[in-house]
Amino acid sequence: MNSKPFQYTIYYTQCYIGKVWLLFFLVFSTSFSKGYSTIKNNKYDSIRNAIKKRIGDKKLTNTIYLDSIYFNCTDSLTKAIALVEKYNLLINYNLPEKSDSCIKIAIEIFDAINNDKGLGFCYYTKGLKSIYQNQATNAVEQFTRSAKLFEKCHFYDGVIFSYFKLATFFSKNKNETIAIRNYIKARSFFSVSSNENLKTSVLLNYAALYTDLGEFNKALEQYHIIEKLHLKTISLPKQSRFYNNIAINYMNSKDWDKSYYYYSKSLEIKETLKDSIGIINTTQNLFHLSLLNSDIKNATNHYGKLSQHFNKDLYESEIAVDFLYNKILYKIKTHNYDSIPSLLNIYKNKHTKVTNLAFSDKLIEMQKSFEMQEKDREIELLQKEDALQKAQLNNQKLLTLSLSVLALLLIGIGVLVNRQRRRLKKSQHILKQRKQEIIVINEELQRSNLSKDRILAVIGHDLRGPVGGLKELIELYMDLGEFEPEDFHNLLNAARESSTSTYHLLENLLSWANSQRGQIEFKPKTAYIKELVCHTVQLLDKAVNTRGIQFKCNVPDKLQLTVDENMLNTIVRNLVSNAIKFSPEKSTISISATEQAEEVILRIADEGIGFSAKESESLFTHKEAYFLEKGNSAKGTGLGLILCKEFVERHGGRIWTESDMKKGAKVCFSIPKDLKELTYTEEAPAKKSRKKWRAWSNLL
């Protein structure tokens, strides 16, 4: 008997059971995760509702009660919720300087206990603060973060609220594109939310936005969704306004029948509620709509009902003046012209008393309509006279036709001549542009060739000294058989100084080339300035300080700035390296920092030969000017200073010198204390310079 089929049966049965267990485990783990999340959310809601019930009205004195909860309660969740409610109170009373600290502590507590719903409410309230302060970018950041946290903990009403707040904020600020985008995001979570009132509010505001934009069909789509799915959540007074809004959109779309239908539904509700003013307003809308649709039968019916509400005593109100306007329009439609002039005078006087303005557009329209009716009557009389003059007009028509043909020929010839003239002028303009472009290209090529020559001179000049020194040291080492330990140590020090100088030059060249191509990414972060400066100075002291130069670092220990650490290291390294080159033996180099209102100024001062006033003025003015010294005293190209200038300006600062000849040099640069806005505006210039210096970057 073959046992293989039996073995296969056992094998597949085991596989099937394993899959069933795996599926059960996944379903159980998902259900457990959602259940645990629900428990956490319910606990959060119960604590929050209890605190809000105790607070009652949003009075500033309630912050004392919230502080007592925070200091006396041992439950971390309760303490954090109390801080969030305090934050809301302080924001309502426009006290942002006191509110930031408590929301920061609340975020730390919620983060520590891993409560995503609490974190979501923290960022939601921060978003509300951004809306109060009209900070659009920050509002988007905070509400987007709160939506993600609410979605993570399955609190989908919070997700809808977050996007809904953003949508209404941008709608009020007339940024309809972003508002519509957030309405769509809010609607995408309708299927997982059971809050019908919230859904209705979102759709109503969404429809109102489309109405303001004049996109009435899209507005009607949203209104009909509410009518079909969410109408039960709307109270009767709001249903009346809801049908009124639908009628307005249909009237703007010139769909008179549907507009009349929804105005009628609105009127039925107002009659049920016995809203007398609402009944009059809606009946007037139906009256006006009937006149626009030339439905005289319904217009007469509405006119009769409204006439019962209005008399001469009520003509001083705005509602009565509107009725008077519709009454005049009704008289025109029914060809009752005799009473129109007197009604127009009455309307003019009453309207002026109500609005304190001159004639409104409605009065002008009525006057035009009346004038058109009068003109129609005059035209009927003139047509009879025209019939008698047709014979004379036939001859005039023939003459006019001949003159018209001649005029058309002349106009055609003029148009052709003018077109040819414009084409010739356009061709001349294009040739002139091409010539100018060629001149510009030639100038750029000349500058590019000149730049290549300069950079070759820079590389040859700066590399010749240290590389030649290394070559001589190696030859000296090979020619002499023995060295004294002191001589060998001096030889190694000289070799180290030469190689370090060469390395720094190459590093400056590479950094400058990358900067010109826009390939150096600006990454600011907060750091202690003294640590960066002292670390850079220690490296230079060990590498190139062979003349016993002393360093003094007068930078405050707690000074913090938001800087790109690599760029700041490069700036300090180049300025201190230059100071070492021009300082006499056993002199002192001082590095100091002073704080001002909006910036921090760092100074590197040496006791060397210093700069003249002319050199100080031109030192940082020309980007391509490399200060090659003449004779044996040449010590550098100035490329490091140019690189320092670019990196300082990248931080939004400035660089300058405070120096006199033979009194030492002092190079200063500033760094702003706040780089928040700068980080968004500094990337474009790097791209712009890429085309200008392409020849140099390819050479490097």
Side-chain angles (χ1 to χ4, degrees), residues 174 176-177 210-218 249-257 259 288-296 299 325-326 328-345 347-348 351 357-441:
K174 304 301 180 183
E176 292 84 3
T177 302
Y210 277 127
T211 301
D212 293 339
L213 292 174
E215 299 184 22
F216 306 113
N217 291 331
K218 291 184 178 180
N249 280 275
Y250 274 122
M251 187 169 66
N252 289 327
S253 301
K254 297 184 179 180
D255 191 338
W256 314 120
D257 294 336
S259 179
H288 183 70
L289 187 60
S290 300
L291 293 172
L292 292 177
N293 197 23
S294 298
D295 186 356
I296 303 302
Y325 164 78
N326 288 325
I328 295 171
L329 190 61
Y330 174 73
K331 296 292 184 182
I332 294 173
K333 291 285 185 179
T334 55
H335 306 288
N336 188 1
Y337 302 110
D338 296 336
S339 60
I340 290 177
S342 61
L343 289 175
L344 283 172
N345 289 328
Y347 177 78
K348 174 184 175 181
H351 186 271
L357 297 173
F359 285 105
S360 65
D361 293 337
K362 292 182 180 179
L363 180 59
I364 295 172
E365 289 175 2
M366 287 188 292
Q367 287 178 334
K368 286 182 178 179
S369 178
F370 178 70
E371 290 173 359
M372 289 297 296
Q373 295 289 342
E374 292 293 327
K375 288 182 179 179
D376 289 340
R377 295 167 63 184
E378 292 177 1
I379 289 172
E380 291 177 358
L381 296 174
L382 290 173
Q383 285 177 347
K384 296 178 181 180
E385 296 178 1
D386 290 342
L388 300 175
Q389 297 177 357
K390 284 184 179 179
Q392 298 177 359
L393 291 175
N394 286 333
N395 294 330
Q396 294 179 0
K397 287 181 180 179
L398 181 61
L399 179 62
T400 303
L401 180 62
S402 301
L403 292 174
S404 299
V405 171
L406 180 61
L408 288 173
L409 289 174
L410 292 174
I411 291 172
I413 294 171
V415 169
L416 291 174
V417 172
N418 186 51
R419 183 179 297 174
Q420 293 296 329
R421 183 180 63 81
R422 284 188 296 174
R423 286 181 178 177
L424 180 61
K425 187 175 180 180
K426 185 177 180 180
S427 300
Q428 291 175 347
H429 180 67
I430 292 173
L431 289 174
K432 189 175 181 180
Q433 282 184 334
R434 295 290 183 269
K435 183 178 179 181
Q436 188 65 30
E437 289 175 0
I438 292 171
I439 292 173
V440 172
I441 291 171

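These figures come from a predicted structure and were not determined experimentally.
- For N326 against H288, the heavy-atom pair with the smallest separation is OD1-ND1, 3.0 Å.
- The structure places CG of N336 at 8.5 Å from OH of Y330, a figure rounded to the nearest 0.5 Å.
- Residues meeting the side chain to side chain donor-acceptor pair (under 3.5 Å) test with Q433, sequence neighbours left out: H429.
- Using a distance-only test at 3.5 Å, with no hydrogens or angles considered, no donor-acceptor pair links the side chain of S259 to the main chain of D255.
- Considering CD1 of I328 and CG of L344, their distance stands at 4.5 Å, rounded to 0.5 Å.
- Partners of I430 according to the side-chain contact (heavy atoms from CB on, under 4.5 Å) rule, which considers only residues two or more places apart in sequence or in another chain, are K426, R434.
- To the nearest 0.5 angstrom, I413 atom CD1 is 11.0 Å from L408 atom CG.
- The side-chain contact (heavy atoms from CB on, under 4.5 Å) test applied to Q420 returns R423, not counting sequence neighbours.
- Between atom CG of residue N293 and atom NZ of residue K333 there is a gap of 9.0 Å, rounded to the nearest 0.5 Å.
- Separation of atoms OG1 (T177) and CG (L213) is listed at 8.5 Å; rounding is to 0.5 Å.
- Partners of E215 according to the side chain to side chain donor-acceptor pair (under 3.5 Å) rule, which considers only residues two or more places apart in sequence or in another chain, are K218.
- With rounding to the nearest 0.5 angstrom, the CG atom of L416 is 12.0 Å from the CD1 atom of I411.
- Residues satisfying the side-chain contact (heavy atoms from CB on, under 4.5 Å) test with D212, not counting sequence neighbours, are none.
- K174 has its side chain within reach of E176: a pair of non-hydrogen atoms, C-beta onward, lies under 4.5 Å apart.
- In terms of the ring-ring contact (aromatic ring centres under 6.0 Å, His included) criterion, residue partners of Y210 (sequence neighbours excluded) are, by chain and number, Y206.
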